[in-house]
Structure formats: structure tokens, C-alpha cells
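Reviewing the structure listed below.
Keep in mind that the numbers below use all heavy atoms, side chains included, and drop hydrogens, waters and symmetry copies. For clarity, every value in this text was computed on a predicted model and none was experimentally measured.
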Amino acid sequence: RELKWNLEHGQQSILLMNRRGYNTIARCMQCNTVKTCPRCDIPLIYHKANGRLMCHYCGYSEPASIRCDACGSEYVMYSGCGTQKVEDELHRDFPEARILRMDLDTTMARYSHDRYFTEFAEGKYDIMVGTQMVAKGLDFPDVTLVGVLAADMSLYGGDYRSYERTFGLLTQVIGRCGRAGLSGRAYIQTYSPEHSVLIRASAQDYRAFYEDEILNRRVMLYPPYCAMGSVLFSGEKEAEVREAAEAFSAMFGERLKAADLPARLLGPTPSRLPKVAGKWRWKLIMKYRPDGAFFRVAAEVLKAFAKESRYGKVEVSVDPSDIG
């Protein structure tokens, strides 16, 4: 309804869908098998533009098929939504609208970002739909409507920064409308309309969000009340990676205890994406006080662990400022 009103009154609109592709899941309705990347432990994304199933992590792709590889059934259902599907449905509902899609697939050419944004500013498009690249730092005086599709995808992102990132993304994209003389409207599509983060973001209430979030961080001991980092283990054999992660964790824990340092080790556990580009991944999360004593112990453990030849095929990397 709001898009139709804008089209009738010559005003522009922006839709944010922070996932590219057409369908996000290809599932067999007979055996319930999901089509996944053979090199990564994640579902393949259907791209209608080239008729292929693609992995957004390692680049693997294969022709889309209506037949299940596991049981041979032809009852394969494609579901989920990305920017390509949003664009397709907009063309169906508003055939007269000039629609610009902004995502990694449409902006790979050099200077394409600048060219498309310039054309949108010049009024050559009515609706711009895209990933988070349409949310930041843009100033279009004729944009009076912003819609956020499937806001829950980032809200439940899986780490302690999900609320912060969602609030930042929503407030940024909402701020793209009504920047000139015309008033703006914003709509957020969500299964959780009562969620405090969405309520704070829709009201642009930075102070209330900060007060909620800083209390959570203090109770759960998250930054800024501690430093947080990760140790990532990766290799071609999952059993070797798991064994190396457990051995490193035990060695690290003993050294920290002996040094009487205020630190906590969480895990090791499989990473959020357990397999990427043919390598299995485990992680150890560290909560610690960022001082020289902790880093000295960490360096000692890394040097000692590197001498363990039985774990020579497992790569170990440390990121002192991220949870991996």
C-alpha cells in the first residue's frame, strides 16, 4: 500500500533485505534433505539470474535441479527469500515501477556503486532494494519510504553483538527517508514486533537501547566489561581438529590457572559454520582482562602447542578482539 502511494505521488522508496539470492533453501519434501555445499556445511542459495545453486562462502555452484540427490524424488521445494526474489515480486506487483537492485551480484563491476546511486539520486528509479549497502551514508531527498524485510535474520544472529548490529542497521536505514522537506515513513517486517531492540530502533531511541544493552553486557560479562577473543582451529579431518582444540584448551586452562589470571575459556565447540571450503572448524572463546600477563601466557601456550607434532595438520589462529 505504501509503495503504491509513493509511486502515485512520484516519491522514492528503499527496501532492505539483508540476504542476496532468490531462494535460501532447497529442501526435498520426500526425505527432508537440504541441498548443501559439498565443501561447506551450509545450504546452497538459489540464484534465479543464472539458474544455479551457489555457496556464498567458497564460491561453489551447480545447476539447479528439481531432483533430490539423496532419494531421487522430484518433490524439491525452494523456499526462503533474498534480494532477487524481492525484486521479482516487486516487478509482478508494480510492473510500471523502475526498480534498482543493489547487492554483491549487481555491483561487482568497477564504479557500479557510484553509478547506480547517482542514477537513483537523479530519479531514474522509483524503488531501490538491496542488502545493507543501501542502509549507510546515503542522502536522497525524494526518499520518503523505507521498508525493512525479515528484520529477525540479524536480530538472532548468534553472538552477543546481534542486538547492537540490528539496532545500528535499522536506525541507519530508517534515517535514509524524510531527509529533506518531505516527511518519511518506515516499516519493519518482523515476527517479534514486541522485541525491545525493534521498539527502540523504530523510535530512534539511542539512550534507551544503550541502557538496556549495557545492563545485559554487565550481567553476562561481555565487552566492555571484559575483552573477548577466539582461538580458531581448522583442518581437513574433524576428529583431528576436535582433538587439537581440546588439547589446546586444556593446556591454556592449566597455564591460566597457574598464573592466577582473571580469564574464562568457553568451549571448545564447533564454529557457527562448522565446515568452510573443505575444512572443519572449531573455536575456543576467551574472556579476559587485556593486559601483558594474559598475552604472555597466550604466547607461551601457542609456542608450546606448535611443538606438538601430532597436531601439525591443524591450523591454529588467534583473534584477540573477536569471538570467531
Side-chain angles (χ1 to χ4, degrees), residues 14-92 99-113 115-116 127-136 148-159 162 165 169 189 232 234-236 238 270-281 324:
I14 293 178
L15 296 182
L16 170 68
M17 162 57 79
N18 204 20
R19 178 172 289 175
R20 63 190 179 100
Y22 194 88
N23 294 122
T24 56
I25 295 286
R27 184 192 303 274
C28 175
M29 303 305 292
Q30 189 72 34
C31 68
N32 212 36
T33 298
V34 173
K35 187 67 175 177
T36 58
C37 174
R39 304 181 68 237
C40 305
D41 193 24
I42 56 173
L44 291 171
I45 308 297
Y46 173 57
H47 286 245
K48 186 179 180 181
N50 57 9
R52 299 184 70 85
L53 292 165
M54 302 178 66
C55 175
H56 289 176
Y57 285 86
C58 73
Y60 171 85
S61 74
E62 64 180 54
S65 172
I66 60 170
R67 187 178 296 277
C68 174
D69 294 339
C71 70
S73 169
E74 294 185 356
Y75 295 98
V76 177
M77 184 178 74
Y78 287 79
S79 59
C81 183
T83 49
Q84 291 181 9
K85 187 174 184 181
V86 174
E87 180 189 24
D88 216 22
E89 295 194 1
L90 288 172
H91 280 301
R92 183 197 64 196
I99 300 167
L100 171 64
R101 175 163 58 90
M102 294 286 293
D103 56 27
L104 186 60
D105 299 311
T106 63
T107 59
M108 295 183 69
R110 192 177 185 185
Y111 305 126
S112 56
H113 289 84
R115 177 166 58 85
Y116 286 140
I127 302 172
M128 178 162 60
V129 54
T131 53
Q132 61 182 350
M133 66 177 67
V134 307
K136 303 175 182 179
V148 180
L149 308 180
D152 305 278
M153 286 194 301
S154 61
L155 190 61
Y156 303 111
D159 69 56
S162 295
R165 288 170 171 168
L169 184 62
Q189 181 195 57
L232 183 65
S234 63
E236 295 180 356
E238 185 180 16
S271 294
R272 184 173 61 88
L273 298 174
K275 187 181 181 184
V276 173
K279 291 189 175 182
W280 294 94
R281 310 183 334 151

Report the distance from atom [atom1] of [X] to atom [atom2] of [Y], rounding to the nearest 0.5 Å.
X	Y	atom1	atom2	answer
His56	Arg20	NE2	CZ	4.0 Å
Gln30	Tyr75	CD	OH	8.0 Å
Leu15	Glu89	CG	CD	11.5 Å
Tyr46	Thr24	OH	OG1	13.5 Å
Ile127	Leu100	CD1	CG	10.5 Å
Tyr60	Cys37	OH	SG	7.0 Å

Is there side-chain contact between [X] and [Y], with at least one heavy-atom pair below 4.5 Å?
X	Y	answer
Leu169	Leu16	yes
Leu149	Val86	yes
Ile99	His91	yes
Ser73	Met29	no
Cys28	Cys71	yes
Val76	Arg27	no

For Lys85, give me all partners under salt bridge (Lys or Arg N to Asp or Glu O under 4.0 Å), at least two apart in sequence or on another chain.
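Salt bridge (Lys or Arg N to Asp or Glu O under 4.0 Å) check on Lys85 returns nothing, list empty.
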Taking the basic N atoms (NZ, or NE/NH1/NH2) and the acidic carboxylate oxygens, is any pair closer than 4.0 Å for Arg165 and Asp159?
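Here Arg165 pairs with Asp159 in a salt bridge, since their nearest N and O are under 4.0 Å apart.
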According to the salt bridge (charged side-chain N to carboxylate O under 4.0 Å, His left out) rule, which pairs have a member within residues 43-64, sequence neighbours left out?
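For residues 43-64, and leaving out neighbouring residues, the salt bridge (charged side-chain N to carboxylate O under 4.0 Å, His left out) pairs sorted by first residue read Lys35-Glu62, Lys48-Asp88.
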Check against side chain to side chain contact (heavy atoms under 4.5 Å, CB included), Cys31 and Cys68
CA-CA 9 Å; Cys31 68; Cys68 174; 3.7 Å; yes
No-hydrogen, no-angle side-chain donor-acceptor test under 3.5 Å, Asp103 and Thr83:
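A pair is found: one side chain offers a donor N or O, the other an acceptor, under 3.5 Å apart.
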Please lay out, stage by stage, how Met102 and Tyr116 fare under the test side chain to side chain contact (heavy atoms under 4.5 Å, CB included).
CA-CA 8 Å; Met102 294 286 293; Tyr116 286 140; 3.5 Å; yes
Looking at Arg19, I want to see if its CZ is surrounded by more than 12 non-hydrogen atoms of other residues, nucleotides or ligands under 6.0 Å.
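Not more than 12 within 6.0 Å, no.
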Can any side-chain N or O of Arg281 pair as donor or acceptor with the backbone N or O of Leu273 at less than 3.5 Å?
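Indeed, once roles are kept as given, a pair shorter than 3.5 Å links the two residues.
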Test your reading of the model: is there a side-chain donor-acceptor pair from Gln189 to the backbone of Ala150, 3.5 Å cut-off?
yes
Between [X] and [Y], which heavy-atom pair has the shortest distance, and what is it?
X	Y	answer
Thr106	Arg101	OG1-O, 2.8 Å
Ser79	Asn23	O-CB, 3.4 Å
Thr107	Ser112	O-OG, 2.9 Å
Ala49	Gln84	N-OE1, 3.7 Å
Cys40	Ala277	SG-N, 3.0 Å
Asp105	Gly21	OD2-N, 4.3 Å

Side chain to side chain contact (heavy atoms under 4.5 Å, CB included) between Leu232 and Ser271: does it pass, once the steps are laid out?
CA-CA 8 Å; Leu232 183 65; Ser271 294; 3.4 Å; yes
Ile45 vs Leu53, test: side chain to side chain contact (heavy atoms under 4.5 Å, CB included). Steps then yes/no.
CA-CA 5 Å; Ile45 308 297; Leu53 292 165; over 6 Å; no
